[in-house]
Amino acid sequence: MRTIDLPAYGSGHSAPLTHVGFRPDGKRLATSSYDGSVIVWDTGDRARPVPLARLRHRRLVNASAWNPVDSEVLATASADKTVAVWRVTEEGGTTLRTVLARHTDDINSVAWLPDGERLICVSEDGRATLWSTADGTFLAEVGSHEAHCMMVSVGPHGLVATVGEDGLVAVSDPDGTTAPATRRYDSSIEGCAWSHSGRLLAVARDDGAVDLLTAGLDVVRTVPVSTSAARAVAWAEDDSAFVVGAYDGGLHWFDVVGTRLHRVEDRRVWPRSVAVAHGVVAAGSFWNGPHLYDLTTARPIAAPEDATHGPNALVQHGDELLVGTDSGLVVAVTADAAATPSVRLIDLTDGPILSLASDGDTLYAGTYSGQVLRHDGHTLTTGAPLGAPVPSLAVHDGALVAGTYNGEFVLLDPVSLAERERIAAHDGSVKSLAPVDGGFLSAATDRTVRAGGPHARATLWEHGNLVNAVAALGTEAAASASRDHTVKAGRLVRLPDGTWRARDVQTLLGPDESVKCVALLGDADRPVVLAGSYDFGLYAWQVDWHDSAATLASGRLFAEFGQGLSCMLRLTDGTVAVAGWDGRLLLVGLDADGRPAVRRSLHLEELLHTPAATAPAAADATEGRAA
């Protein structure tokens, strides 16, 4: 397993922050990141957090937890399927104490038992396991979920709460003195936190509410938070208030009776993690460091210094390839692989761009904060918040289709961005849209790939896990990329009644981790499928619709990146643009023998620092805002 290799962005992280965790005394903050590192910050001066130590994993780090007994011990949980236990001295010296035996899947969350000797780990495989950190031995399985286990919280009396995408909330006692309890919800639960007294468990629900539960999981109170999923929750030390991070991009303050106290909106904030200690709230970020706020007033105390520019979306716009990044910057580069690249920058927003679409001279962007932006080269129009991040966009039949984290298609007027209609399309986030003549394809976290218009849609096939991306080759072939480590490809058939079907569906193997993006090259009768994975690999398959065994054996590693691959796009000249979170861009075509070949290799960091790219070109007319 290769190690993440990303360019540095200032003194902080090189990619967005996935988790924040205060040491109980509030003088140290651990931040985890997609860059495969954990930074321990000295937060003695709240206004100026100082990096003190950097810890490394081979893959992104999802979480950390400070030991409740020994303040120098920190556990870190990674997508490299390990949990590491470190000693971090007051001066910043680090020692790796132990690595817990490799798990079967990514570790999402960790929490210490009150004795400071045992650690609970929860994983994408649905298991909650108990370990001894003295010698790294496995002790017991303390819980199991039917889908990804997302979070664990341990109360002051040793009760273990776990939540998962299966909607299950489970409370158990590893020492066996309290009877276990479970509660089932209809939708995913991604966050939970015991109050400091242990009397209440806060559960962050996918429908945007937070439930306050007893240890027996009876509902004390339901607190509406957002129209989008509530993701993380943290308690004030006296249990008088709690802070919620939601997928609307906001941080929400409530008192214990459910009265809203404050709301903070900052497009740089990634509220998948929040932490509270000694009157300070910390939150994750799409930039290179943590955000700190005053618990009482919600006033900002400190913010990260530098943006990160990981690519999330690609679109062809005239003769340019446009790259949407975590910083909100769009990098435009000449799409012709044979031409000398010219670069221009379009500064759309200060938060991450998740999706792009183009129609003539008009560029559309979907953001994490749940807004759609329209840029016609002169005027920037910002649509009303849709209530959830927008990871996919497509232009269809005179409307702009926005696919959201809430599983909806939101149809927007392509000029004003006014909302026309909302359609419940999938039972999970609509991760990808691919236009085809007469409709579009969609891929979602409900494991399905579907085709049709906004209303009449047919399921083409289903994966064994969430689907990250779908791509089409004309109206004849399609392929999808999934977290189940596979790619599926099939022929498309449109029936006389206008509905879509798939035939000759094949499963393509090769990647060792989640497959993030996909594209097709060549002729639909014998296409080449390209796919990029979280294992840093770009893979290629030659598809033979008549011999699936031959297709299965054809897969090969085509190129390697320094981090996971993020997005792909087939360009009009038949090449495929490929982008990785390490900032690398490839233009891939077919050689004379029909095999994939790299036509050009570029790097975002170099493009950003070319003389022509020093002054971002923002909209130079008045900003429009849809009602």
Side-chain angles (χ1 to χ4, degrees), residues 19-31 40-47 49 63-75 90 109-116 120 151-161 171 191-204 210-215 220-221 223 225 230-246 251-264 269 271-284 290-302:
H19 187 265
V20 291
F22 270 118
R23 199 169 72 178
D25 64 5
K27 295 181 179 179
R28 296 289 183 268
L29 177 71
T31 57
V40 176
W41 305 76
D42 182 343
T43 48
D45 183 348
R46 299 174 176 180
S64 66
W66 291 96
N67 189 289
V69 176
D70 188 339
S71 64
E72 291 189 344
V73 174
L74 178 70
E90 291 298 307
S109 179
V110 288
W112 293 91
L113 288 178
D115 59 21
I120 302 284
M151 182 71 72
V152 59
S153 179
V154 176
H157 310 300
L159 289 183
V160 176
V171 170
C192 66
W194 286 105
S195 63
H196 293 274
S197 67
R199 295 175 182 170
L200 293 175
L201 176 68
V203 170
V210 168
D211 273 356
L212 303 184
L213 309 175
T214 66
V220 175
R221 185 170 295 109
V223 180
V225 175
R231 178 61 176 85
V233 60
W235 288 88
E237 286 164 305
D238 62 359
D239 291 349
S240 63
F242 56 91
V243 181
V244 183
L251 297 173
H252 307 259
W253 273 248
F254 294 89
D255 64 21
V256 72
V257 298
T259 302
R260 182 181 290 275
L261 303 175
H262 308 287
R263 176 174 178 169
V264 170
V269 174
R272 65 173 275 171
S273 179
V274 292
V276 177
H278 289 261
V280 179
V281 176
H291 297 262
L292 301 182
Y293 302 89
D294 183 273
L295 174 63
T296 302
T297 65
R299 178 182 60 85
I301 299 173

A.B. asks: If I take atom CG from residue Asp115 and atom CG from residue Asn67, how far apart are they, to the nearest 0.5 angstrom?
C.D. replies: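 Interatomic distance, Asp115 CG to Asn67 CG, rounded to 0.5 Å: 8.5 Å.
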A.B. asks: Once you round to the nearest 0.5 Å, how far does CH2 of Trp253 lie from CZ of Arg260?
C.D. replies: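 Here the rounded value is 11.0 Å.
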A.B. asks: Can you check whether Pro156's main-chain N or O pairs, donor with acceptor, with Trp194's side chain at less than 3.5 Å?
C.D. replies: no
A.B. asks: Could you check if a side-chain atom of Val20 sits within less than 4.5 angstrom of a side-chain atom of Leu29, using non-hydrogen atoms only?
C.D. replies: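 Val20 reaches Leu29 side chain to side chain.
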A.B. asks: Might you point out which heavy atoms bring Thr31 and Pro290 nearest each other, and give the distance in Å?
C.D. replies: CG2-CB, 4.0 Å
A.B. asks: Grab the two heavy atoms, one from Ala232 and one from Ala204, that are nearest each other, plus how far apart they are.
C.D. replies: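 Heavy atoms of Ala232 and Ala204 come nearest at N-CB, 4.2 Å.
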A.B. asks: Nearest 0.5 angstrom please: Trp235 CH2 to Leu212 CG, how far?
C.D. replies: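 Answer rounded to 0.5 Å: 5.0 Å.
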A.B. asks: Take Val274 and Val244 through the test side chain to side chain contact (heavy atoms under 4.5 Å, CB included) and record every step on the way to the result.
C.D. replies: CA-CA 7 Å; Val274 292; Val244 183; over 6 Å; no
A.B. asks: For Trp66 versus Pro24, what's the shortest heavy-atom pair and its separation?
C.D. replies: CB-CD, 4.1 Å
A.B. asks: How many angstroms lie between CG in Leu201 and CG in Leu159, if you round to the nearest 0.5 Å?
C.D. replies: 9.5 Å
A.B. asks: Indicate the atoms forming the closest heavy-atom contact of Pro114 with His157, along with that distance.
C.D. replies: CG-C, 4.5 Å
A.B. asks: Go through the steps to decide whether Val264 and Val269 satisfy the test side chain to side chain contact (heavy atoms under 4.5 Å, CB included), and finish with yes or no.
C.D. replies: CA-CA 9 Å; Val264 170; Val269 174; 5.7 Å; no
A.B. asks: Inspect the contact between Asp25 and Arg23 and indicate whether a charged nitrogen and a carboxylate oxygen are less than 4.0 angstrom apart.
C.D. replies: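 Salt bridge: yes.
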A.B. asks: Ion pair present between Arg221 and Asp211, side-chain N to carboxylate O less than 4.0 angstrom?
C.D. replies: no
A.B. asks: With a 4.5 Å heavy-atom cut-off, do Leu261 and Thr296 have their side chains touching?
C.D. replies: no
A.B. asks: Could you tell me which non-hydrogen atom of Trp112 sits nearest to which non-hydrogen atom of Ala65, and how far apart they are?
C.D. replies: NE1-O, 3.0 Å
A.B. asks: Can you name the side-chain contact (heavy atoms from CB on, under 4.5 Å) partners of Ala111, sequence neighbours left out?
C.D. replies: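 For Ala111, the residues satisfying side-chain contact (heavy atoms from CB on, under 4.5 Å) (neighbours in sequence not counted) are Val152, Val154.
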A.B. asks: So, His291 side chain and Val281 main chain: donor-acceptor pair closer than 3.5 Å or not?
C.D. replies: no
A.B. asks: Could you grab the distance from atom CD of Glu90 to atom NZ of Lys27, nearest 0.5 Å is fine?
C.D. replies: 8.0 Å
A.B. asks: Sequence neighbours excluded, which residues qualify as side-chain contact (heavy atoms from CB on, under 4.5 Å) partners of Arg272?
C.D. replies: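 With sequence neighbours excluded, Arg272 shows a side-chain contact (heavy atoms from CB on, under 4.5 Å) to Thr18, Tyr34, Asn62, Arg231, Trp270, given in chain and number order.
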A.B. asks: If you define the side chain from C-beta out and look only at heavy atoms, does anything of Pro49 sit under 4.5 Å from Thr43?
C.D. replies: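 Yes - at least one pair of side-chain heavy atoms lies under 4.5 Å apart.
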A.B. asks: Once you round to the nearest 0.5 Å, how far does SG of Cys192 lie from CG of Leu213?
C.D. replies: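 Cys192 SG to Leu213 CG: 10.0 Å, rounded to 0.5 Å.
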A.B. asks: His252 and side-chain contact (heavy atoms from CB on, under 4.5 Å): which partner among Val225, Val223, Val210?
C.D. replies: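 Answer after filtering Val225, Val223, Val210: Val225.
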A.B. asks: List the atom of Arg28, the atom of Val40, and the distance in Å for their closest heavy-atom pair.
C.D. replies: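 Result for this residue pair: CD-CG1, 4.0 Å.
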A.B. asks: Taking the side chain from Ser153 and the backbone from Ala161, do they hold a donor-acceptor pair closer than 3.5 Å?
C.D. replies: no
A.B. asks: Examine distances only and state if a side-chain atom of Glu237 and a backbone atom of His278 form a donor-acceptor pair shorter than 3.5 Å.
C.D. replies: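 The answer is yes, because a donor-acceptor pair under 3.5 Å joins these two groups.
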